[in-house]
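Heads up: the structure comes next, in structure tokens.
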2 protein chains.
Amino acid sequence: MKSNQVTIKDIGRELGISPSTVSRALKDHPDISTETKKAVNALAEKLNYQPNIVALNLRQQKTNTIGVIIPEIVHFFFSTVISGIEDVAYQAGYNVILAQSNESYQREVTDMKALFNSRVDGMLLSLSRETTNFDHIESIISKGVPIVFYDRMYESPTSSKVIVDDYAGAKEAVLHMIDQGCKRIGHLMAAPNLMISIDRFKGYEDALLERKMKVNKEWVTECFSGTFEEGKRATKKLLSLPNPPDAIFANNDPMAMGAMMAIKEKGLKIPQDIAIVGFSNWFFGEVMDPSLTSVDQPGYEMGQEAARMLIKQIEMKGKGEPIIETKILKTKLIIRNSSLKKGKEK
Amino acid sequence: MKSNQVTIKDIGRELGISPSTVSRALKDHPDISTETKKAVNALAEKLNYQPNIVALNLRQQKTNTIGVIIPEIVHFFFSTVISGIEDVAYQAGYNVILAQSNESYQREVTDMKALFNSRVDGMLLSLSRETTNFDHIESIISKGVPIVFYDRMYESPTSSKVIVDDYAGAKEAVLHMIDQGCKRIGHLMAAPNLMISIDRFKGYEDALLERKMKVNKEWVTECFSGTFEEGKRATKKLLSLPNPPDAIFANNDPMAMGAMMAIKEKGLKIPQDIAIVGFSNWFFGEVMDPSLTSVDQPGYEMGQEAARMLIKQIEMKGKGEPIIETKILKTKLIIRNSSLKKGKEK
DNA sequence: CAATTTTTAGCAAACGTTTCCGCTACGCTC
DNA sequence: GAGCGTAGCGGAAACGTTTGCTAAAAATTG
């Protein structure tokens with residue numbers, strides 16, 4: 001950036017007036033005469049003057065930038081969240097600077113520090129899978145930077161969050177499986193320290209209990225990384241049990257797909273022998289064979305909502321207490337063939 | 001950002017020394033005595049001093065930030081590119097600010113202006129599908145901001161680019177289909193103003209010509225948006241032709257999946273009746289039924305390479321002429337079941 | 001026409017750094 | 001003891017803005 005860029009001073013010099021006058025003229029300040037304004041605007045136009053935002057940022061102690069920490073960019077759900085964030089930030093005149101934690105706690109910590117040092121006005125955060133200590137977050141908050149959690153959060157009383165009703169979504173999915181006549185429903189759980197894993201597991205459990213079915217620990221596998229491969233591996237293990245499940249509820253769609261793969265390789269039929277339901281409704285679930293029943297999570301809306309809440313907090317700053325709110329978005333069960341043992345219900 | 005943040009002045013005041021001395025002490029300048037350095041560092045540590053990067057940016061006329069314009073975030077290929085960019089930027093100490101053009105020319109123009117005003121040190125750009133005029137880009141370049149194109153570019157002699165060998169990838173794919181005994185190979189083309197569409201089409205064409213097969217315009221459909229739905233729609237049309245193709249080479253995987261859908265709905269078998277090959281190797285192609293043959297594009301590497309080239313240019317600035325280079329990454333044909341009429345070749 | 005108000009504009013400080021230049025005080029050499 | 005080199009530090013300018021205060025000129029008032 002060797003600035004051959006026009007500044008307010010250049011304009012002033014050219015017109016024989018001071019920088020302050022130019023500044024005011026550009027902002028249509030009443031103190032400035034119409035002629036001066038005209039001259040300034042004309043010259044600014046002609047020289048293609050663009051205000052230096054960095055200088056502005058320094059002056060106003062505000063960067064109009066929000067930092068987004070995302071566990072993994074190459075991930076259908078998260079990428080839709082980013083898209084939602086980006087869209088509302090753009091409309092509100094904010095930049096978004098993106099940092100990827102890669103599911104690493106260490107990286108999350110350094111990312112947050114870096115964002116803080118860049119003086120972002122606020123942060124949007126979804127915890128990494130490894131994160132179990134929250135000091136780095138509290139420290140940022142205590143410095144007055146507003147944080148809004150999305151999707152993966154911990155119970156912090158001082159931040160807003162927008163999440164999805166994982167519990168209800170999971171429960172609905174499992175009830176659906178029961179309605180389809182599944183008797184032995186297994187669950188591929190994800191990283192057990194994440195609330196989303198726990199909530200989905202609880203939904204699974206409560207659906208079973210509600211229908212007076214017992215929860216068989218054997219049929220529940222913890223898959224820390226939550227990947228396709230892990231889903232496949234875990235499913236193979238489940239299938240080799242003496243009393244294997246006749247249905248699997250997976251914590252996410254890639255694992256569900258891994259399960260489908262394992263089942264097909266074993267020569268079993270979906271959903272006749274084993275029904276499958278996933279979570280997140282990755283867009284290609286529709287296109288699988290059989291098409292995958294899944295719990296749809298509104299990622300784009302989540303991104304939008306989180307960005308809106310954050311920007312509201314940023315702009316409320318100094319004007320009264322911040323409003324801490326928690327927004328829970330509804331999921332929607334998308335029923336497709338992988339779970340339709342009986343044919344369409346309802 | 002009501003700065004209750006410690007500054008260099010605070011440290012100076014506390015220690016009874018000047019800000020300049022503090023600055024130097026922190027940077028281990030030889031002019032400063034060891035004791036002073038010790039005292040400064042100790043106090044900085046104690047007060048948890050963090051340099052104000054905004055001030056630094058202003059001072060050094062450099063923001064250590066690169067702007068990335070992406071046509072669409074929710075897109076497997078592009079999200080891997082972002083991931084690659086983010087990783088090398090992070091390691092080199094750069095922030096990445098993300099802007100999504102949403103395939104809109106207007107949005108691309110305003111995004112670039114906004115990034116320029118934020119004084120990013122350079123930009124990474126992939127053209128929107130609508131972009132046919134390049135003045136906005138030339139204008140930025142003429143102001144001395146380095147731009148590196150990735151994936152979608154135009155023939156600008158003044159910028160570096162990193163692309164994928166679309167032509168060779170497409171040709172290889174079509175040759176493979178011919179080897180599998182396909183006689184009537186159709187093509188789902190994407191937006192015809194993008195070089196990648198043209199190059200892939202050329203590869204398709206040349207493969208046919210090389211094997212002395214004629215190119216039947218009837219079998220080539222332009223799909224402007226390149227989506228799943230469009231692929232499906234276009235395929236339906238192809239299938240209703242009096243002399244329908246027995247193979248389809250799609251410009252991208254979603255369209256290939258749309259094609260598979262249409263074919264299945266028609267009751268035809270893949271690959272026996274119709275073979276399918278896609279482009280980009282979206283990660284679930286492996287998991288489809290049948291699994292999808294596709295041309296793998298190294299998105300992550302592309303992101304990395306583009307970021308590296310850009311950062312090199314940024315840091316070379318002022319030191320001699322910028323090096324304009326074009327890097328062409330190799331594709332790789334991933335052969336799966338959707339194209340194996342004969343069984344494994346080679 | 002003098003006094004006062006209004007209009008218009010400039011000065012200077014401030015945001016937090018870095019860095020060029022210069023100053024002081026000390027110790028050394030001859 | 002005069003001259004000089006040097007270690008250690010401070011002053012001030014600069015990056016590009018904004019803004020409170022002040023000042024000059026013009027316009028209004030009685």
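A note on names: the letters A, B, ... follow the listed sequences, proteins ahead of strands, and every chain is numbered from 1. Bear in mind the structure is a predicted one, so any value in this text is a computation, not a measurement.
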Task: Charged N-O contact under 4.0 Å between B:Arg107 and A:Glu86 - done: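 Yes, B:Arg107 and A:Glu86 are salt-bridged.
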
Is a salt bridge present between B:Asp28 and B:Lys37, judged by a nitrogen-to-oxygen distance below 4.0 Å?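 Judged by the 4.0 Å cut-off on N to carboxylate O distance, B:Asp28 and B:Lys37 do form a salt bridge.
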
**Message:** Check the phosphate of D:dG16 against B:Gln61, side-chain N and O only, distance under 4.0 Å to OP1 or OP2. Yes or no?
**Reply:**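 Answer yes for this pair, as a side-chain N or O of B:Gln61 is under 4.0 Å from OP1 or OP2.
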
For [X] and [N], what is the distance between atoms [atom1] and [atom2] respectively, to the nearest whole Å?
X       : N      : atom1 : atom2 : answer
A:Asp31 : D:dT22 : CG    : C1'   : 12 Å
A:Asn52 : C:dT17 : CG    : P     : 18 Å
B:Ile32 : D:dC9  : CD1   : P     : 6 Å
A:Gln60 : D:dG16 : CD    : C1'   : 12 Å
A:Glu35 : C:dT8  : CD    : C1'   : 10 Å
A:His29 : D:dT17 : NE2   : P     : 18 Å
B:Lys37 : D:dA7  : NZ    : P     : 12 Å
B:Leu47 : C:dG16 : CG    : P     : 15 Å

Exercise answer: donor-acceptor pairs, residues 77-85 of chain A side-chain atoms, under 3.5 Å, sequence neighbours excluded:
unit_1	atom_1	unit_2	atom_2	d
A:Ser79	OG	A:His75	O	3.2
A:Ser79	OG	A:Phe76	O	2.9
A:Thr80	OG1	A:Phe77	O	2.5
A:Ser83	OG	B:Gln100	NE2	3.2

Let me spell it out: for each of B:Pro30 and B:Leu58, pick the nucleotide of DNA chain D with the closest heavy atom. Which residue's pick is nearer the 5' end?
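That would be B:Pro30.
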
Using modelled atom types only, decide if a donor and an acceptor are shared between the side chain of B:Glu103 and the backbone of B:Arg129 within a distance under 3.5 Å.
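Yes.
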
inquiry  = Check the orientation of A:Phe149 and A:Tyr154. Use parallel for under 30°, tilted for 30 to 60°, and perpendicular for over 60°.
reply    =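 Perpendicular: the ring planes of A:Phe149 and A:Tyr154 meet at over 60°.
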
Report task. For DNA chain D, determine which residues of residues 9-25 of chain B have any heavy atom closer than 4.0 angstrom to one of its atoms, and list them numerically. Result ->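 The stretch gives B:Gly16, B:Ile17, B:Ser18, B:Ser20, B:Thr21, B:Arg24 as the residues lying under 4.0 Å from the strand, ordered by number.
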
Is NZ or CZ of A:Lys161 both nearer than 6.0 Å to the six-membered ring centre of A:Tyr150 and within 45° of the ring axis?
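Relative to the ring axis of A:Tyr150, which defines the angle, A:Lys161 lies outside at least one limit.
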
